[in-house]
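Worth knowing before you read on, the calculation uses all heavy atoms, side chains too, and leaves out hydrogens, waters and symmetry mates. First listed ligand is number 1; within each ligand, the first listed atom is number 1.
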Amino acid sequence: MKLDVLTLFPEFFSGLSNWSIVGRAIETGVLNVSYIDIRDFSENKHRKVDDYPFGGGPGMVMTPGPIYGAINRVKSEKSKIIYLSPQGKRLNQKMVNTLSKEEHIVLLCGHYEGIDNRIIENYVDHEISIGDYVLTGGEIPAMVLIDAMARLLPGVLSSSESYVDDSHYNGLLEYPQYTRPREFRGKKVPDILLSGDHQKIKDWRHYQSLRITSLKRPDLLKNCSLNEEDKRLLSRIER
Ligand code: SAM
């Protein structure tokens, strides 16, 4: 996957490429990330990229010219242009799974009061939000998306770290995890995890996944494909 991040603050991302998972994805060559400074496309001698909003009101708006220039520099026929925005569709695992299969993604990070709407209307394929709150800029949302996609790229996680059991991947939350010591301040690890019976452990984990999802995020169960056995287990859990 090729990723181009359009930002006013490329230095914000300096640590990202060295972090374990994103770093590993870059190192193995499955991910290629470039950070493009939108200011480099300003035609203003002071490299200005913002201006007052027409109609008045507080703050500044990013002007369309430099953003258009940056998009034009990186865009190809295969590109998906994503604007990180609090007005976008709220990011979830399903969207991450789909996006992780794209060949070229351009992430556009806004700042100030946001960007001139003509860019959104004419050049952006998707607006994506990382939640219903407002951040100062699109850089942290871009990092969230990059991290979430990088771990799904082929060969990035070893099979022992596989993502398929992780929360949200198949619509459920993950089962509870335990590690050493077997007993911690009088609290023991569930016996079944020490039994060595792989089938029983698998069944227990699936049951726990259903139980935890029904307890913590019952809303997720509505969009989850459950078989008859799952439905039977759930009605037992709910009782
Ligand atoms: N005035 C805008 C509004 O009310 O919709 C908010 C602008 S925000 C202060 C500046 C930039 O931060 C946005 O252009 C966007 O790129 C980014 N941003 C803020 N919150 C975000 C969120 N929840 N998800 C994704 N990006 C966000």
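Residues of the protein with a heavy atom under 4.0 Å from ligand 1 are Y83, L84, S85, P86, Q87, G110, H111, Y112, E113, G114, I128, S129, I130, G131, Y133, V134, L135, T136, G137, G138, P141, listed by chain and number.
Atom-to-atom distance recorded for D203:CG and I201:CD1 is 10.0 Å, nearest 0.5 angstrom.
In plain terms, the two heavy atoms of P181 and V189 that are nearest each other are O-CG2, 4.0 Å.
The aromatic rings of Y163 and Y169 are tilted relative to each other, their planes meeting at an angle between 30° and 60°.
Looking at residues two or more places apart in sequence or on another chain, you find no side-chain hydrogen bond (donor to acceptor under 3.5 Å, both in side chains) involving T213.
Every pair passing side chain to side chain donor-acceptor pair (under 3.5 Å) that includes a residue from residues 41-64 is listed here, sequence neighbours excluded: D40-R47.
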Show me the donor-acceptor pairs within less than 3.5 Å that the side chains of residues 123-136 make with the rest of the protein, sequence neighbours left out.
unit_1	atom_1	unit_2	atom_2	d
D125	OD2	I81	N	2.7
E127	OE1	S85	OG	3.1
S129	OG	G131	N	3.0
S129	OG	G131	O	2.9
D132	OD2	R90	NH1	2.6
Y133	OH	I130	O	3.0

